[in-house]
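Heads up, the thing below is written out as structure tokens.
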Amino acid sequence: IHRRGRPTRDDDELPLTPTPSLNPSPNPNPNQESGGGDALAVPAASSFAYVDTPDFRYDGWLAHNEPRGAIGRAEGDVLVIGGGVSGTAAAYELSRAGCRVTLVEAEPALGGRCASRRFKDEPPRSPNLVELGAMRFTESLFVMSYYLDRFGCVELGPSLGSGLGAPLILTLTRRHVRGGIGALPLFPDPGVVVTWLCDADGVVRWDGQDAPQGFETVYYGWHALATNGIRRSDGAQAFMAPMDLRRLLQRSASGDGGALAAATAAWQAYITAFQGRSFYGVLHELFTGAGPYEIPGGQPWAFDDFDKFGTIGVGSGGFGALYSVGFLEIYRLIINGLEEDQRILRPGVRILPEELVARAGLAALVKNTQVTRIHGSLQEGFRVEYEGEPTDALTDVTFDRIVFAATTRAMEITTNLTSDAALLDARVATAVRRVHVASSAKVAIRIRKFWEDGDDTPRVLLCDNVVRQIYTLDYGAQDGTAVAFITYVWDEDATKQQGLGASSENYGVDKVKLYQNLYAKLLTYAERSPELAAWIAHIVPYTRGSANPGDFADSILYVEWQSQPHFNGAFKLSYPGQDRYVQTMFFDYLKADPDSPAADTGVYIAGDCIAYTSGWVDGALQTGLNAAAAVLTSTGTLYGDAHGQSPMTINKDRFDYFPVPVASTTKAFRTAAASTTKAVNGPGDE
């Protein structure tokens, strides 16, 4: 549904079904005329700035300053609160620049929601692991790819599904992988591998080569939207296609100023029209013909089609639970390439924050300690109260600057950050409190590998009940075991699952009970298909050495982030109209600029929850780098890239996320679209 064609692969790669293309040739829908996307085919992935910050490439800035050994120079004592990937990135860069950095983490281990975990009874050298947080990685995670490639800390191991190669361990491996994320095996996403689709109309076995039976209307409709953008009812272009907008970002990365202006105009047009609209609301307007637009794909969606789209989603599972979030929140992921050709990372994403800390040269690393209150100001310095073992690294120590890298829920609930204007501006504090943070739950089990390499056994199931999605992952264990996520859900579905697993003893979630109830829900589909029933029979925990086959607690891992101490939620998913809050939080670090009208408090926030692309590693990394840039700007020297650009030069007012309504957003875009056509097509392509 979302990818641009079958990726190239080595001969030992998992045999893939042809990937649904956003830019197909020929047009996959015989009843819909081609919309011109072929002429604007996006080149092979190259680094580009994301759509909300189109004037700056973080990875290019880092690479330019690598020969210097740092992104700036400064002295001073800096406290970084939070050992996730944003906090560890800030700590790493600040330490390299000369700051004395103390990193404090509330959990016993680093990583945050880079949460690579192992089953309790897994052998020491087994490659099996479970990503309870971030688990899918794309080539457009440019900052993450930069660090992985530079550190050489990615172990490829066997190709996905091959079961070959040396055992892997969850440690630093020092094996260099050229190409970073692009060199990694593909994640078994729906349609990339053979997939079961189960809903009220029955069971479909989808091989990914074309639209799945019964889902043709939503498959071709979404495909047309992503390929051609939004057209007026007279056929004229109203809003640029996501892939075309990405092409502008790529051209802008090459120094094309006209492309930057065109990308800005195109994205502002979307913001002006849809910033206050939900994902469902915009889809309803587009695909029912209720608005002044041509229906993408040509076939109107019926009521039941929205349920089908909620099941199959945009390529990485059903988005039905996310219909209430803002349209722009989902659409920017498509433009930024975050839903395409997703990869699996060995030996687990937690290796990135661990490696950042291992290379940082910290003044102190304090784990299992939570900062509960911050005292002081920029002028007098900062001291903290904390819960944990007493340590000289924090007790009666004055810090010059603080980077607070955590979820927005943690910022609000666990400290005084949002209630003290000397630490955080009132407008920023309001944004932290108001922006929506999603709930999320995952249940993973160790299973016996029940497929042969190269066969067409389904590896994924998407359904319309509380289970929602199942993925099977092969890490190449020599004993024939593999990993299955029996569920991965968000928001309302995550709340339902808490009820399914609720324990009467402590009112927490019993992971064994939750698995058993999810499996019972899954069995309701087994009655419809003997082949599916046989497949479901394999989705059971495999125990090691237990005298009681029913004792499989050690073969289950579970998380629901909303109840986890120090997190209180999974990641930000803005509701309609909340992009202004995100803008306020994301750019708060610019108060360190001496010319900024905002007062510099000396406390800089970070974490993926304040990023435009929350839920993705680069969103967290960008905010960590922003905070580091603020510290260096206010205490020393920050270096720019070849053009003098840095996070401090990003134009925070490029987009108006709460524009004054105009009589006709289509008319407003018409002028902008006319001026961008040449920039999109390029010289000689008109």
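Judged by distance alone, the side chain of Asp618 and the main-chain N or O of Phe142 form a donor-acceptor pair under 3.5 Å. In terms of modelled atom types and a separation under 3.5 Å, the side chain of Asp464 and the main chain of Ala200 share a donor-acceptor contact. Side-chain atoms of Asp491 come within 3.5 Å of backbone atoms of Ser439 as a donor-acceptor pair (strictly under, hydrogens ignored). The closest donor-acceptor contact from the side chain of Thr649 to the backbone of Ser646 lies under 3.5 Å. Under a 3.5 Å cut-off, the side chain of Arg113 and the backbone N or O of Gly133 do not form any donor-acceptor pair. Listed for the Arg246 side chain is a donor-acceptor partner under 3.5 Å among the backbone atoms of Ile334. The main-chain N or O of Asp304 is never found under 3.5 Å from a side-chain atom of Asp307 such that the two would form a donor-acceptor pair. Side-chain atoms of Asp510 come within 3.5 Å of backbone N or O of Lys513 as a donor-acceptor pair. Judged purely by atom type and a 3.5 angstrom limit, Thr414 uses its side chain to pair as donor or acceptor with the backbone of Ala410. No donor-acceptor pair under 3.5 Å is formed between the side chain of Ser614 and the backbone N or O of Leu573.
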Steps toward side chain to side chain contact (heavy atoms under 4.5 Å, CB included) verdict (Glu412, Asn568) = CA-CA 10 Å; Glu412 176 185 4; Asn568 308 112; over 6 Å; no

Start with the C-alpha distance between Arg373 and Asn416, add both sets of side-chain angles, then the distance that settles side chain to side chain contact (heavy atoms under 4.5 Å, CB included), and finish with yes or no.
-> CA-CA 6 Å; Arg373 192 168 188 84; Asn416 62 322; 3.4 Å; yes

Check the pair Tyr386, Ile81 against side chain to side chain contact (heavy atoms under 4.5 Å, CB included), reporting the backbone distance first and the verdict last.
-> CA-CA 11 Å; Tyr386 62 93; Ile81 301 172; over 6 Å; no

Residue pair Trp301, Phe306: steps toward the side chain to side chain contact (heavy atoms under 4.5 Å, CB included) verdict = CA-CA 7 Å; Trp301 292 12; Phe306 287 90; 3.7 Å; yes

Audit row: Tyr58, Tyr50, ring pair (Phe, Tyr, Trp, His ring centres under 6.0 Å) steps and yes/no = CA-CA 10 Å; Tyr58 286 86; Tyr50 284 2; 8.5 Å; no

Should Asp608 and Trp616 be marked as a side-chain hydrogen bond (donor to acceptor under 3.5 Å, both in side chains) after you check the CA-CA gap, both sets of side-chain angles, and the distance that decides it?
-> CA-CA 7 Å; Asp608 77 293; Trp616 298 90; over 6 Å; no

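For the pairing with Leu103, the side chain to side chain contact (heavy atoms under 4.5 Å, CB included) check across Leu79, Val80, Leu356 returns one residue only, Val80.
Between Tyr488 and Trp490, the angle of the ring planes goes over 60°, which puts this pair in the perpendicular group of the 30/60° scheme. The aromatic rings of Phe279 and Tyr323 sit tilted, their planes meeting at an angle between 30° and 60°. Under the 30°/60° scheme for interplanar angles, the aromatic rings of Trp222 and Phe309 are found to be tilted. Ring geometry, Phe586 versus Tyr589: the interplanar angle exceeds 60°, so the pair is classed perpendicular (tilted spans 30 to 60°).
With a 4.5 Å cut-off on side-chain heavy atoms, Phe48 and Ser252 do not count as touching. Using a 4.5 Å cut-off on side-chain heavy atoms (C-beta onward), Val428 and Ile605 make contact. By the 4.5 Å heavy-atom criterion applied to side chains, Lys308 and Thr311 are not counted as neighbours. Contact of the Met144 side chain with the Val85 side chain is not registered, since no non-hydrogen atoms from C-beta on lie closer than 4.5 Å. Looking at heavy atoms from C-beta onward, Glu131 lies out of side-chain contact with Leu473 at the 4.5 angstrom threshold. When side chains are defined from C-beta on, Arg434 does not count as touching Ser574, because their heavy atoms never get closer than 4.5 Å. Leu423 has its side chain within reach of Phe382: a pair of non-hydrogen atoms, C-beta onward, lies under 4.5 Å apart. In this structure, Thr584 and Tyr657 have side chains that are not in contact, with every pair of non-hydrogen atoms separated by 4.5 Å or more.
For Asp593 and Lys652, the salt-bridge test fails: no basic side-chain N is under 4.0 Å from an acidic carboxylate O. Asp425 and Lys591 are not joined by a salt bridge, as no carboxylate oxygen comes within less than 4.0 angstrom of a charged side-chain nitrogen. Under the 4.0 Å criterion applied to side-chain N and carboxylate O atoms, Lys572 and Glu329 are assigned as salt-bridge partners. A salt bridge links Asp493 to Lys496: at least one charged side-chain nitrogen sits closer than 4.0 Å to a carboxylate oxygen.
The CD1 atom of Ile470 lies 7.5 Å from the OG1 atom of Thr487; values are rounded to the nearest 0.5 Å. Rounding to the nearest 0.5 Å gives a distance of 9.0 Å between OG of Ser440 and CD of Gln497. For the atom pair CG (Leu621) and OG (Ser86), the distance works out to 8.0 Å, reported to the nearest 0.5 Å. In this structure, OH in Tyr270 is found 6.5 Å from CD1 in Ile335, a value given to the nearest 0.5 Å. Here the CG-OH distance, from Leu518 to Tyr558, works out to 9.5 Å after rounding to the nearest 0.5 Å. One finds the OG atom of Ser419 at 10.0 Å from the CG atom of Leu424 (value rounded to the nearest 0.5 Å).
Across Thr138 and Gly337, no two heavy atoms sit closer than the pair OG1-O, 3.5 Å. Residues Val603 and Leu417 approach most closely at CG1-CD1, 3.8 Å, considering heavy atoms. The two residues Pro54 and Phe655 make their nearest non-hydrogen contact at CD-CE1, 3.8 Å. What you find for Ala441 and Ala494 is that their closest heavy atoms are N-CB, 4.0 Å. Across every non-hydrogen atom of Pro300 and Thr217, the tightest pair is O-CG2, 3.8 Å. For the residue pair Asp244 and Met240, the shortest heavy atom distance occurs at CB-CG, 3.7 Å.
In this structure, Phe327 has its ring center under 6.0 Å from that of Tyr331.
Shown here is Gln498, whose CD atom has more than 12 heavy atoms of other residues, nucleotides or ligands within 6.0 Å.
Side-chain N/O atoms of Asp579 and Tyr612 include no donor and acceptor closer than 3.5 Å. Side-chain polar atoms of Thr272 and Gln268 form a donor-acceptor pair below 3.5 angstrom. Side chains of Ser47 and Asp59: a donor-acceptor N/O pair is present below 3.5 angstrom, by distance only.
Both tests do not hold together for Arg580 against Phe658: distance to the six-membered ring centre under 6.0 Å, angle to the ring axis within 45°.
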